[in-house]
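Chain A is the first sequence line, chain B the second, and so forth, proteins listed ahead of strands; every chain is numbered from 1. Remember, it's a predicted structure, so these values are computed and weren't measured experimentally.
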2 protein chains.
Amino acid sequence: MVREPGSAGRPKASSRGTIEEAAAELFLEQSYSGTTIEEITQRAGVSRATFFNYFESKSDLLWIDADRAIERLSECLASGMRVGDAIARAASEVGAERVPLAVSQAEVMGTREELVASGFARVARVTALIRSALANEWVEERDSLAVNVRANALAGAVIAAWGAWIRGGVDRLTLLEYTHDALALVQLEQ
Amino acid sequence: MVREPGSAGRPKASSRGTIEEAAAELFLEQSYSGTTIEEITQRAGVSRATFFNYFESKSDLLWIDADRAIERLSECLASGMRVGDAIARAASEVGAERVPLAVSQAEVMGTREELVASGFARVARVTALIRSALANEWVEERDSLAVNVRANALAGAVIAAWGAWIRGGVDRLTLLEYTHDALALVQLEQ
DNA sequence: AAGATTATTGGACTGAGTACAAAAATAGAT
DNA sequence: ATCTATTTTTGTACTCAGTCCAATAATCTT
């Protein structure tokens, strides 16, 4: 009856990585908004429907690296790490070997409302994670103005560090270094 | 030859206000995502095309009040006011007489994700305004990490105050009071 | 060979947003 | 009154993201 989950069924055609690569190429060639999902899946040799098996939306493609870091942050916080440590840990695990896709599209992102909105989903998630953890650390209601303001400031610092790292160009520091500086500016350690 | 700008041409059918009212009604009846632009314009007695003469997107309807406040903030900053004063001024001019549309939708909307997402354009605009003004006040490059972190923290405080005001319910304080408390928490005056 | 399970696919659909040209309504000038 | 310039409104056709679903394909277990 009960089988081990991964064993049965048609195997994946390794589509996810293929789609990511095709998208990265096309975004560089034609820009994000100039590329349709149809084009991406055609180059990846996959049907349009398959795209939505792997991604919830087109804009997810721009936030793959950010989403991984956020996922790490969530895990660290869930395991009981203090907020500052969790942020540092998650930041330290974002390698410099790969240029985030959002970087190359940075100029497009400024203008396009859709991208800005999709970015906010990430900001909102980071903020919510931090807010929740802060409310635990201090014993305070989650919706108090103080917790919200503090969470927004911390999240803002994280975002600013991410942005500085993105804009840093080839001689950029590590994300951890930017993050450290940014947190110091909002006096994380009280 | 040259005429005064407002005089000639077909007069407006007072559509903007009508559309806003129709949308407010429908959002309360059926929720934001359960209402199409077509339905809104039908109730307003206007064509769908006309909608886009007045609004850039459907989600604009949720942020009418916020957009007015942001516009005020922009004017105050442009006239040379210091950042803290400009924020306070803009906040003080948001009257309590009218419940913002986004408020009534916060609980009505099944998932607030959409609200959150469309809100980012506003957060981004507030942040950009503050960043620009800060870079002028301090004589520093606009993209420095310090300016960005500070701008994000201030914008975060403004947003938190707006959120607290929204959630305040019938016995809420004024937006200015929430804003004052939030700014104190990020030590606006250094 | 026969299910059970999972991945892929095609196709039809909804709805937001864009583009644009035609029509309608006004004011002023001839 | 007629014409002209100007502005708003409208119809229409279009693109594309995202949803839904049923059919098919590829694999494993029995």
Side-chain angles (χ1 to χ4, degrees), chain A residues 1-20 22-23 26-27 30-63 105 108-109 111-121, chain B residues 1-20 22-23 26-27 30-63 109-111 113-115 117-118 120-121:
Chain A
M1 301 296 126
V2 182
R3 300 166 168 176
E4 51 274 42
S7 71
R10 176 174 177 168
K12 298 198 177 186
S14 75
S15 308
R16 175 163 188 128
T18 316
I19 292 174
E20 287 185 14
L26 283 165
F27 290 171
Q30 323 177 345
S31 89
Y32 172 81
S33 58
T35 303
T36 67
I37 293 178
E38 179 116 38
E39 289 174 308
I40 296 172
T41 54
Q42 272 178 8
R43 178 166 302 196
V46 139
S47 82
R48 199 181 95 101
T50 297
F51 178 89
F52 291 100
N53 293 341
Y54 289 96
F55 304 93
E56 286 190 0
S57 72
K58 181 185 171 188
S59 56
D60 280 4
L61 291 168
L62 287 177
W63 300 99
Q105 295 296 308
V108 183
M109 293 174 51
T111 51
R112 290 293 298 180
E113 171 120 359
E114 186 192 358
L115 294 190
V116 175
S118 69
F120 185 54
Chain B
M1 305 297 122
V2 182
R3 299 165 168 177
E4 53 274 40
S7 71
R10 176 173 177 167
K12 298 197 177 187
S14 74
S15 309
R16 173 157 191 134
T18 316
I19 292 173
E20 288 185 14
L26 283 165
F27 290 170
Q30 327 178 347
S31 88
Y32 171 79
S33 59
T35 303
T36 67
I37 294 178
E38 179 116 37
E39 289 173 308
I40 296 171
T41 53
Q42 272 179 7
R43 178 167 302 196
V46 140
S47 83
R48 199 182 95 102
T50 298
F51 178 89
F52 291 99
N53 292 342
Y54 288 96
F55 303 93
E56 286 190 0
S57 73
K58 182 185 171 188
S59 58
D60 280 5
L61 292 168
L62 289 177
W63 299 99
M109 280 174 52
T111 164
E113 279 311 307
E114 235 172 322
L115 239 188
S118 66
F120 184 49

If you round to the nearest 0.5 Å, how far is CD of Q42(B) from OG1 of T36(B)? 7.5 Å

Report the distance from atom NZ of K12(A) to atom C1' of dT9(C), rounded to the nearest whole Å. 16 Å

In whole angstrom, what separates E38(B)'s CD from dA16(C)'s P? 9 Å

Tell me whether the OP1 or OP2 atom of dT8(C) has a side-chain N or O from S15(A) closer than 4.0 Å. yes

Please check: side-chain N/O of Y32(A) versus main-chain N/O of S59(A), any donor-acceptor pairing under 3.5 Å? yes

What's T35(A) touching, base or sugar-phosphate or nothing? Going by heavy atoms closer than 4.0 Å. sugar-phosphate

Let's see if you can work this out: which of dG18(D), dT7(D), dA25(D) has an atom nearest to the side-chain heavy atoms of R10(A)? dA25(D)

Hey, does Y54(A) reach any base, or is it just sugar-phosphate, or nothing, if we go heavy atoms under 4.0 Å? sugar-phosphate

For T50(B) and dT9(D), is the shortest distance between a side-chain N/O and OP1 or OP2 below 4.0 Å? no

Result for 5'-nearest mapping on DNA chain C, choosing between A49(B) and P11(B), is A49(B)

Given dC16(D), dA24(C), dG15(C), which nucleotide is nearest the side-chain atoms of T36(B)? dG15(C)

Atom CD of E39(A) and atom P of dT15(D): how far apart are they, to the nearest Å? 13 Å

Round to the nearest Å and state the distance from Y32(A) atom OH to dA17(D) atom P. 8 Å

Looking only at the side chain of I37(B) (C-beta and beyond, no hydrogens), which of the listed nucleotides dA17(D), dA25(C), dA16(C) gets closest? dA16(C)

Has S31(A) got a side-chain atom pairing as donor or acceptor with F27(A)'s backbone, closer than 3.5 angstrom? no

Nearest-angstrom distance from the residue atom NZ of K58(B) to C1' of dA16(C): 8 Å

Could you state the atom-to-atom distance from CZ of F51(A) to P of dA7(C) in whole Å? 17 Å

Nearest-Å distance for atom pair CZ/P, residues F52(A) and dT6(C): 23 Å

So does A22(A) get a backbone contact from the side chain of R43(A), meaning a donor-acceptor N/O pair under 3.5 Å? no

What's the closest nucleotide to the A13(B) side chain, out of dT6(C), dG17(C), dT9(D)? dT9(D)

Donor-acceptor pair (no angle test) under 3.5 Å: R48(B) side chain, dG15(C) base: no

Which nucleotide in the set dC28(D), dT9(C), dT10(D) lies at the smallest distance from any side-chain heavy atom of A8(A)? dC28(D)

On DNA chain D, does the nearest nucleotide to G9(B) precede the nearest nucleotide to S57(A) from the 5' side, or the other way round? Give the residue. G9(B)

When rounded to the nearest 0.5 angstrom, what distance separates CD1 in I19(B) from CG in D60(B)? 12.0 Å

Atom CG of N53(B) and atom C1' of dG11(D): how far apart are they, to the nearest Å? 13 Å

